[in-house]
Structures are given as C-alpha cells and as structure tokens.
A.B. asks: 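I'd like to ask some things about the structure below.
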Amino acid sequence: MRNMLVIGKVIDMRSLLVSGLAVLSTWFCLRYGITGNFPLTLIATAIVFPIVFAIGHAFKRREKALDDYGIIKAHGRAIYFAARDWLPERDGDRLRRIETVLGHLLKACRDMFKSPVSEMADHEKQVYAAFSELSEFVKSMRNEGLASGECSRCNQYISKMIVSFEQIKHIYQYRTPRTLNAFSDFFIVTLPVLYGPYFAHEAADYSLALVYVMPILFSIILVGLANIQDHLEDPFDQIGEDDVAINAEKFVALLGCEGEDMEAGATA
C-alpha cells in the first residue's frame, strides 16, 4: 500500500494529461499518415539531462539540510549535558528549563520551514527569540557558578547552531535554478506531442494493441522524473517521501534518557 501511495505521487494528473496529449498526437499522425524518424537525443538533451542534473542538485541540498539539522540537535544535547553535569548540583528545574528552551527552538524551526517563504519573516523572529532564550540560559548557568571557560564553550555551541540554522534557512529560501526548471517543464509538455510523427513511424513495427504504449511510457517517464525533482526541491514541505522531518517532541523526550539510566543504575 505504501508503495502505491509513493507511485501515486510520481504519476499524477499531469502524467495523465501529457500522456493523453501524446496519444492524441500519435492518433492524429496515424490518421493522416504523418510520420518521421526523429532522433531521441533531442529528448535526452532537452529534458532528461536537465532534470537529472536538477535531481542531483536537489538531493545534495537535502543532504546538507540533514547535516545541519544534526548539528543543531547535537550541540543542543551538548548544552543539556552541560546543564546537567557541569555544575556541582543537579537541579531538576534547570533541566526542565533547558528542555523547554530546546523544544521551543526546534518547534520554531519546524514551523518556519513548513510554512511558505512569504511567511518567513514572522517565523524567523520566533527562531531568533528561541536562540536568545538559549543564550540567557547559559548566562544563568554562569550566575549559578559555571566556570567562564565552560560558559564560553556553551556559547560556541550556540554559535554553531546558529550557523547551521542560517545554512538551512538558505536551502529553504532559495531553490534550484528556476529557469532550468521552466525550460524542462516546457519541453515535458511539448515534446511528447511533437514526437507524434515519430511514434506513428515506430508504430509500423507494433501490433495494434501496442501502438500507444510508447507515447504513454515516454510521457510517464518524463513527467515522473520532473515530479521527483519537484518533491526534492523543498525538503521541508512534507509532501515527498524523502523530506526532512523535524521531530522536536522526540528530541526533548530523549534528552533525559541517559540521566535516568544512570540514576537507575546507581540505585540498583
């Protein structure tokens, strides 16, 4: 069932529309004897190569976003460990506060990246407010007796988290070359139709039941590649199967696992 849902995202109404136009063009050329042995390199040059290039670039953007997301989580957890272990006494209120602050940060990032770019300014303020809370928390730990060198290290963690956020923001804000996408979209619609004479020419070697298989396959393959690229274009919109999901609740829930395990082991 899951595979069928994934296929449904690749083969959509645009695939059916382009396939219908290609079949209609092939029928028209067969009806009036319009045939031509066009080179297939035109399709590779105009559509396949640009789309494959865009897919590769979009996948690299997704991988970069995952790396930066991991950096934010890793340094956030390091600050949690500092709040738990670097001061003489373990304070439950302090740990609950840092859990709340980190939860606010990841939720603000998730709200921003899942929203349209037009709403970025409002959500960006919430993210920066969460970073400000995190900075204030480190300052409060210094007032509780944390050494200045260790406070400086925590501030370095925050700095690296901000750098990673800014890099993810640019991935969210900017897309792969739009002129290249527009170029490919134009030829995805027009070439299967313009290749009607080629499909009619090749139909001489097929039985009647297979005459329209070639135009349908061409259309589905080309539009399917374009849909894959579209889904990878925004790695945060949660439309494609390969999108980046920011699970703030799970991150916060796992923060205290090591501490609970250590306390349980000491009790035992």
A.B. asks: Do E133 and L105 pass the side-chain contact (heavy atoms from CB on, under 4.5 Å) test, and can you show the C-alpha distance, the side-chain angles, and the key distance before you say yes or no?
C.D. replies: CA-CA 9 Å; E133 283 185 273; L105 175 61; over 6 Å; no
A.B. asks: Could you work out, with ring pair (Phe, Tyr, Trp, His ring centres under 6.0 Å) as the rule, every residue matching F251, not counting sequence neighbours?
C.D. replies: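 Partners of F251 under the ring pair (Phe, Tyr, Trp, His ring centres under 6.0 Å) test: none.
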A.B. asks: Quick one: side chains of residues 179-203, donor-acceptor pairs under 3.5 Å with protein atoms, not counting sequence neighbours, listed by atom name and distance.
C.D. replies:
residue, atom, partner, partner atom, Å
S184, OG, L180, O, 3.2
T190, OG1, F186, O, 3.0
Y195, OH, P39, O, 2.3

A.B. asks: When you look at CZ of F49, are more than 12 heavy atoms from neighbouring residues, nucleotides or ligands closer to it than 6.0 Å?
C.D. replies: no
A.B. asks: Under 3.5 Å, side-chain donor or acceptor atoms of residues 204-213 against the rest of the protein: list the pairs with distances, not counting sequence neighbours.
C.D. replies:
none

A.B. asks: Determine, for R62 against D243, whether the closest basic-nitrogen to carboxylate-oxygen distance falls under 4.0 angstrom.
C.D. replies: no
A.B. asks: Take H104 and Q126, measure what side-chain contact (heavy atoms from CB on, under 4.5 Å) needs, and give me the verdict at the end.
C.D. replies: CA-CA 9 Å; H104 286 169; Q126 300 301 318; over 6 Å; no
A.B. asks: Who pairs with E233 by side-chain hydrogen bond (donor to acceptor under 3.5 Å, both in side chains), at least two apart in sequence or on another chain?
C.D. replies: T176, Q229
A.B. asks: Provide the full list of side-chain hydrogen bond (donor to acceptor under 3.5 Å, both in side chains) pairs with a residue in residues 109-119, sequence neighbours left out, each pair given once.
C.D. replies: R110-E249, S115-H123
A.B. asks: For residues 8-27, which residue pairs pass the ring-ring contact (aromatic ring centres under 6.0 Å, His included) check, not counting sequence neighbours?
C.D. replies: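 Sorted result for residues 8-27: empty, none.
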A.B. asks: Which heavy atom of Y69 sits nearest to which heavy atom of I246, and what is that distance?
C.D. replies: OH-CA, 3.4 Å
A.B. asks: Quick one, I168 with I72, criterion side-chain contact (heavy atoms from CB on, under 4.5 Å). Give me CA distance, side-chain angles, the key distance, then yes/no.
C.D. replies: CA-CA 10 Å; I168 296 176; I72 291 175; 4.0 Å; yes
A.B. asks: Give me the other members of the hydrophobic cluster that Y174 sits in, counting Ile, Leu, Val, Met, Phe, Trp and Tyr linked by side-chain heavy atoms under 4.5 Å, directly or via other members.
C.D. replies: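 Besides Y174, the hydrophobic cluster comprises nothing; the residue is isolated.
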A.B. asks: Which residues pass the side-chain hydrogen bond (donor to acceptor under 3.5 Å, both in side chains) test with S135, sequence neighbours left out?
C.D. replies: none
A.B. asks: Using modelled atom types and a 3.5 Å cut-off, is there a donor and acceptor pairing between side-chain atoms of R14 and backbone atoms of I11?
C.D. replies: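 Answer holds: no.
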A.B. asks: For the pair D93 and R96, find out whether any cationic side-chain nitrogen is under 4.0 Å from an anionic carboxylate oxygen.
C.D. replies: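 Yes, charged N to carboxylate O under 4.0 Å.
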A.B. asks: Kindly write out the residues that satisfy side-chain hydrogen bond (donor to acceptor under 3.5 Å, both in side chains) with D12, not counting sequence neighbours, or none if the list is empty.
C.D. replies: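 Here the qualifying residues are S15, N227.
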A.B. asks: To the nearest 0.5 Å, how far apart are OG in S159 and CZ in F131?
C.D. replies: 10.0 Å
A.B. asks: Please round to the nearest 0.5 Å and tell me the distance separating atom NZ of K60 and atom CD1 of I171.
C.D. replies: 13.0 Å
A.B. asks: Considering non-hydrogen atoms only, spot the tightest contact between A58 and L232 and give its length.
C.D. replies: CB-CB, 3.7 Å
A.B. asks: Check I55 against L225 and note the closest heavy-atom contact, atom names and distance.
C.D. replies: CD1-O, 3.7 Å
A.B. asks: Tell me the side-chain hydrogen bond (donor to acceptor under 3.5 Å, both in side chains) pairs involving residues 33-58, sequence neighbours left out?
C.D. replies: none
A.B. asks: Would a 4.5 Å heavy-atom cut-off, applied to side chains only, mark I71 and D68 as touching?
C.D. replies: yes
A.B. asks: I need the minimum non-hydrogen distance between V101 and A130, along with the two atoms involved.
C.D. replies: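 Closest approach of V101 to A130, heavy atoms only: CG1-O, 4.1 Å.
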A.B. asks: In the single-linkage hydrophobic clustering (I, L, V, M, F, W, Y; side-chain heavy atoms under 4.5 Å), do L16 and V223 co-cluster?
C.D. replies: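 No, because L16 and V223 fall into different hydrophobic clusters, even though each may have its own neighbours under 4.5 Å.
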A.B. asks: With hydrophobic residues grouped by side-chain heavy-atom distances under 4.5 Å, do F53 and I228 end up in a single group?
C.D. replies: no
A.B. asks: NZ of K73 to OH of Y80: how many Å apart, nearest 0.5 Å?
C.D. replies: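 Between atom NZ of K73 and atom OH of Y80 there are 15.5 Å.
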A.B. asks: Taking all heavy atoms of A65 and all of F236, pick out the closest pair and write down the distance.
C.D. replies: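 Smallest heavy-atom distance, with atoms named: CB-CZ, 3.8 Å.
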A.B. asks: Between G76 and M161, which heavy-atom pair has the shortest distance, and what is it?
C.D. replies: N-SD, 3.8 Å
A.B. asks: Got a sec, which residues hit ring pair (Phe, Tyr, Trp, His ring centres under 6.0 Å) with H75, two or more places apart in sequence or on another chain?
C.D. replies: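 Checked H75 against ring pair (Phe, Tyr, Trp, His ring centres under 6.0 Å); matches are Y157.
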A.B. asks: Enumerate the side-chain hydrogen bond (donor to acceptor under 3.5 Å, both in side chains) contacts for residues 140-155, please, sequence neighbours excluded, ordered by first and then second residue.
C.D. replies: R94-E144, R97-S140
A.B. asks: Same cluster for M112 and L66 if Ile/Leu/Val/Met/Phe/Trp/Tyr side chains link at under 4.5 Å?
C.D. replies: yes
A.B. asks: Can you hop from F113 to I239 via hydrophobic side chains spaced under 4.5 Å?
C.D. replies: no
A.B. asks: Measure from the side-chain N and O atoms of S164 to the backbone N and O of K160, and report whether any donor-acceptor pair falls under 3.5 Å.
C.D. replies: yes
A.B. asks: Does E166 pair with K169 as a salt bridge, N-O distance under 4.0 Å?
C.D. replies: yes
A.B. asks: With a 4.5 Å cut-off on side-chain heavy-atom distances among I, L, V, M, F, W and Y, is there a chain of contacts connecting L222 to F38?
C.D. replies: yes
A.B. asks: For the residue pair I79 and L102, establish whether any side-chain heavy-atom pair is separated by less than 4.5 Å.
C.D. replies: no
A.B. asks: Less than 4.5 Å apart, any side-chain heavy atom of I98 and any of R84?
C.D. replies: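 No. Closest side-chain heavy atoms not under 4.5 Å.
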A.B. asks: Test side-chain contact (heavy atoms from CB on, under 4.5 Å) on M141 and W86; report intermediate values, then the result.
C.D. replies: CA-CA 9 Å; M141 286 200 298; W86 291 5; over 6 Å; no
